[in-house]
Amino acid sequence: MFTFTVSRVRKGENLMISENPLAELKKECEALLKEATGKLQMAELLKQFAFEKPPVWEFGQLATSACFELAKHVGEKPLVLAQQLVKAMDKAKFQLVKEVSAAGGGYINFHANFEKLSALTLESVRQLDSEYGLVKTEKPKKIIVEHTSVNPLHPIHIGQARNPMLGDAVARMLSARGHKVFRHYYVDDVGRQTAVIAYGYKKLGKPKPAEKPDHFIGKIYTVTSCLVEINRLKKELERAKMVSAEEETAKINRELDDWVSVAFELKQKYPDLFEKLLEKINEDPDPEKSIGELNRAYEAGEEEAKRLIREVSQLCLEGFKETLSRAGVFYDSWDWESDLVWSGLVAEVLQKLRQTPFVTAFGGVLEFEAGKVVEFLDLREKLGLRKDYEVPSLTLVRADGTTLYTTRDIAYTIWKFSKAEKCINVIGMEQSLAQLQLKIALYALGYRDYAENLVHFAYNLVTLPGYKMSSRRGRYITLDEVLDEAIRRAYEEVSKRSPQLSEDEKRKVAEIVGVGAVRYALVEVDPAKPVEFNWDRVINFEKNSAPYIQYTHARACSILRKAARKPERPDYGLLKEKLEQELVFTLAEFPETFIEAVETLKPNLLADYANALADKFNTFYNAFPVIKAEPPELSDARLALVDAVRIVLRNALNLIGITAPERM
RNA sequence: GGGCGGGUAGCCUAGCAAGGAUAGGGCGCAGGCCUCCUAAGCCUGUGGUCGUGGGUUCAAAUCCCACCCCGCCCGCCA
């Protein structure tokens, strides 16, 4: 079913073109229906017509079930109404419509006039080229898409990699829609975890990384975190033993066992690093305290802490940039959480929040009572909350005076809204509650408009079949590994299939194909569903994969290259095969698919679309000759069709951040 | 206990917001197709109580209610 029917026709040199050919067809169908209902004095009963795609091609290209609805008002059978409406239509007015029929229990089916629709569609695609399908919005907005924002503690792992792929695709789509899009990376450098890595890094004497910096940082973080945790648990255990709290002792023992086994793993993996950190950390009578102190000093903006933590974070980010740029993901702004703290913005927001009746203090601790806000401002329905559900409170400030993540995020969000009208946060589903509390805080502060333009783009996790990925435990598969492996496999494949390519070309193609495979795999499934990681799924070269679509694109390019001529005198009326007409229709649908994908923020719709188009094209490719088709007017029409498929496949892939190679 | 998300063939997945004609794909499995534009392909076959039970409707995978299973969240973590 479709809703979007906006389109503009403009005059080409000699042929009409349209930025949305399918919408032209719909407009015509709608006009015919309106006229017919008018004639039968039923115009008042139905003003909107929804169109759908009939289940079988032979039924036509568009259908409406309006007569079922109409039948209720008139007391006549749907089929009879459909027949009457069809009869009342003025055939002389048919342009893109060739035939209308009543069918089934009361459908009205519209058959397209492909001689005209093919001409309109193929000319439009080829003239608009890289702009075809990218229908611009009437209301362009400034939009910030915040995505990735992986903490600078360890390399980006495959569980997190879904985020940049989705975020980047969404940003590309919105931008293509005509919005002014800014891609922001929120550098979360404030908090205990950053203090942990900085602490370990300092203990090691701030070593220069001998490998990719984020991998280097990741090792130090994992080992440090593990050792500190064991240290802390041991102390807790002693305390618990002294007061002979048996249940607690047992619990701590279990946790300790867990961490000791992690330590064992880590010692095997990185013996030197492990020994050195163990030695250094043991020198510290209270590592926990040192870390807490470092965290406090950093928030307070003390010079030494600043230098240290920024150095570590920056190091890690260098690694991220390398990985992400390889995957084709870039940012317009890197926003440091610490800057928000130091600039006083966080304090300012806290001050304002304190003045609302929704914040209470006990000791130094500040609590934000989100539930109260919901009642007071009557937000329940607006936020889609159940009637008895009480939103939990949110701690804004710790007893030691430091702030918490969501508190800073409130300040950050307000800052973002000073630069944009809409903010989309690509953040995992597990943070839904925090994102809700954040939104409620905006309402509490009187930023109603911000709250309503804040979107939490939630996505589900990527899981490993055996165990849970855990960055703290150093159990993860990095995005780098996955990309390397994908490119390696792609290289093998290219070498096997296209030995004639130069070494340089093979490498380039392998890169494009490998990266594409990974991006596609992470974007293709509904973000709400979890993805179970396995190599064959993420590095798939068969149907329903980026390589498959890329291959199809390369095949189209190959035909055009071999033809070595432009389609000078195409006769689109000769495109009489069902497959050809289905291809044309699919191409005509692209603009509406694009609009729907952007408006609903569903990049997977574009992945599905591209895959479906590739399927049809391959079937066509297998069934009919193009270059040698006779007569030449048919050959030319088919060449134009191939060219249009090439353009649309490329445009669709580009929107989700995948490059379409011309050979592979 | 409460909240959120998910449940569609052996496995993975589309469709669900705006209910409509025969629930699309892919993997797997069984078979077939390269003197012809790239076989990363194409064709044929195989496989479905759309989690369960009620309800609304001329019509339910889709809407409503109840329940079951899985995941996540309910931190002075992020």
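None of these values were measured; they are calculated from a predicted model. All chains are named by letter (A, B, ...) in the order of the sequence lines, taking the proteins before the strands, and each is independently numbered beginning at 1.
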**Report entry** Check: A:Val150 main-chain N/O paired with A:Tyr185 side-chain donor or acceptor under 3.5 Å
**Finding:** yes
In whole Å, what separates the [atom1] atom of [N] from that of [M]?
N	M	atom1	answer
B:A60	B:U56	P	12 Å
B:G7	B:U62	C1'	15 Å
B:G28	B:C11	P	16 Å
B:G26	B:U44	P	10 Å
B:C69	B:U8	C1'	15 Å
B:U52	B:C68	P	15 Å

Report task. Mark yes or no: A:Arg555 above the aromatic ring of A:Tyr621, with NZ or CZ under 6.0 Å from the six-membered ring centre and no more than 45 degrees from the axis. Result -> yes
Query raised in the report: Think A:Arg507 forms a cation-pi with A:Tyr491, using NZ or CZ under 6.0 Å from the six-ring centre and within 45 degrees of its axis?
Result: yes
Report summary line: Between A:Val509 and A:Asn151, the residue closer to the 5' end of RNA chain B by nearest nucleotide is A:Val509
Report summary line: Of A:Ala63 and A:Arg561, the one whose nearest nucleotide on RNA chain B sits closer to the 5' end is A:Ala63
Has [X] got a side-chain N or O lying under 4.0 Å from the OP1 or OP2 atom of [N]?
X	N	result
A:Thr619	B:C43	yes
A:Tyr548	B:C42	yes
A:Arg386	B:C4	yes

Report task. Have a look at A:Phe68 and say if it touches a base, only the backbone sugar-phosphate, or nothing, with a 4.0 Å heavy-atom cut-off. Result -> base
Query - Check: B:A21 base within 3.5 Å donor-acceptor of A:Asn109 side chain - result: yes
Among the candidates [options], find the nucleotide nearest to the side-chain atoms of [X].
X	options	answer
A:Pro54	B:U22, B:G41, B:A21	B:A21
A:Lys562	B:C37, B:C58, B:A17	B:C37
A:Ala399	B:C76, B:A59, B:G41	B:C76

Query raised in the report: Who pairs with A:Glu236 by salt bridge (charged side-chain N to carboxylate O under 4.0 Å, His left out), at least two apart in sequence or on another chain?
Result: A:Arg232
Requested in this report: Please confirm whether A:Phe541 and A:Tyr548 have ring centers closer than 6.0 angstrom.
Outcome: no
Requested in this report: Report yes if the distance between the aromatic ring centroids of A:His154 and A:Tyr476 is under 6.0 Å, otherwise no.
Outcome: yes
Report task. Taking all heavy atoms of A:Arg537 and all of A:Ala521, pick out the closest pair and write down the distance. Result -> O-CB, 3.8 Å
Query raised in the report: Expressed in angstrom and rounded to an integer, what is the separation of A:Asn622 atom CG from B:G32 atom P?
Result: 17 Å
Report summary line: Going 5' to 3' through nucleotides 9-16 of chain B and flagging B where a protein heavy-atom sits under 4.0 Å of the base, S where only the sugar-phosphate is that close, and - otherwise, we get ---SSSS-
Report task. Ignoring hydrogens and angles, state whether a donor on the side chain of A:Asp335 or A:His184 is under 3.5 Å from an acceptor on the partner side chain. Result -> yes
Report summary line: Symbol by symbol from the 5' end, with Watson-Crick or G-U pairs under 3.5 Å, [ ] crossing and | another strand, RNA chain B is (((((((..((((......[...))))((((((.......))))))....(((((..]....))))))))))))....
